[in-house]
Amino acid sequence: NRLRALWDCTLTPNVKLLDVSENELTDLEGLPDLSRLTHLYANNNAIASPGDVRDMPCLRVVSLSSNAISSLEGMARIPQLEALFLSSNGLESVVGLPPSPLLTTIRLSNNPFSSHSFYRLATLLSSLACGIRGLSTVDGVPLTEEER
């Protein structure tokens with residue numbers, strides 16, 4: 001497809017599932033105009049920041065794996081978010097994890113910080129600090145009783 005930018009999203013406000021994976025996007029400007037969006041797949045692009053993923057009351061799944069994201073700063077509360085996929089980016093930490101009370105699944109593998117021995121614990125502590133109480137899976141591995 002070779003998309004370099006999203007179209008004028010105000011023209012398609014009822015879109016519920018958007019898959020713009022494997023393009024040349026560097027941002028997701030205009031995304032908040034898709035107020036009914038429930039699933040976003042934007043893997044394998046060149047997106048540098050998830051900051052455009054905000055003010056989306058229906059969004060349940062965000063998949064931004066294999067991009068150029070180095071920080072979660074700017075992600076705002078996503079009230080209905082259940083799954084967040086950010087593997088294979090340039091993340092140095094989970095600081096900025098969006099407070100999403102329904103989040104159960106997160107994938108952060110293959111990021112610079114995920115090679116640290118304390119990575120899983122840091123992810124769990126950050127999620128608790130953000131008010132995420134229902135997290136059950138990190139990188140496809142269920143939480144143990146001790147981790148809960």
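Everything quoted here is computed from the prediction, not taken from an experiment.
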Is it true that a side-chain atom of S126 and a backbone atom of T123 form a donor plus acceptor pair closer than 3.5 Å?
->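 No.
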L25 backbone acceptor or donor facing N23 side chain under 3.5 Å |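 Pair absent, no side-chain N/O of N23 close to backbone of L25.
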Under the rule for side-chain hydrogen bond (donor to acceptor under 3.5 Å, both in side chains), what residues qualify as partners of [X], not counting sequence neighbours?
X    : result
D139 : Y119
D55  : none
T12  : W7
Y41  : none

Side chains of S109 and S87: do they bring a donor and an acceptor to under 3.5 Å?
->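 A pair is found: one side chain offers a donor N or O, the other an acceptor, under 3.5 Å apart.
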Going by side-chain contact (heavy atoms from CB on, under 4.5 Å), name the residues that satisfy it together with [X], two or more places apart in sequence or in a different chain.
X    : answer
N111 : N89, L91, L108, F113, S114
N14  : R36
R77  : P79, P99, P101
T137 : T105

With a cut-off of 3.5 Å and sequence neighbours excluded, list every side-chain donor-acceptor pair involving residues 26-35.
from: D27; atom 1: OD1; to: E29; atom 2: N; distance (Å): 3.1

Remaining members of the apolar cluster that contains L121, side-chain heavy atoms under 4.5 Å =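 Reading the cluster by chain and number, L121 sits alongside L125.
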Considering non-hydrogen atoms only, spot the tightest contact between S127 and L97 and give its length.
->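 Result for this residue pair: CA-CD2, 3.8 Å.
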Which heavy atom of M56 sits nearest a heavy atom of L37, and at what distance?
->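 Looking at all heavy atoms of both residues, the closest pair is CE-CD2, 3.7 Å.
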Among all residues two or more places apart in sequence or in another chain, which pass the salt bridge (Lys or Arg N to Asp or Glu O under 4.0 Å) test with R107?
->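 Testing R107 for salt bridge (Lys or Arg N to Asp or Glu O under 4.0 Å), a comparison that skips the adjacent residues, returns none.
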Would you list the pairs meeting side chain to side chain donor-acceptor pair (under 3.5 Å) in which at least one residue belongs to residues 62-73, sequence neighbours left out?
->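 Listed once each, the pairs are N43-S63, N44-S66.
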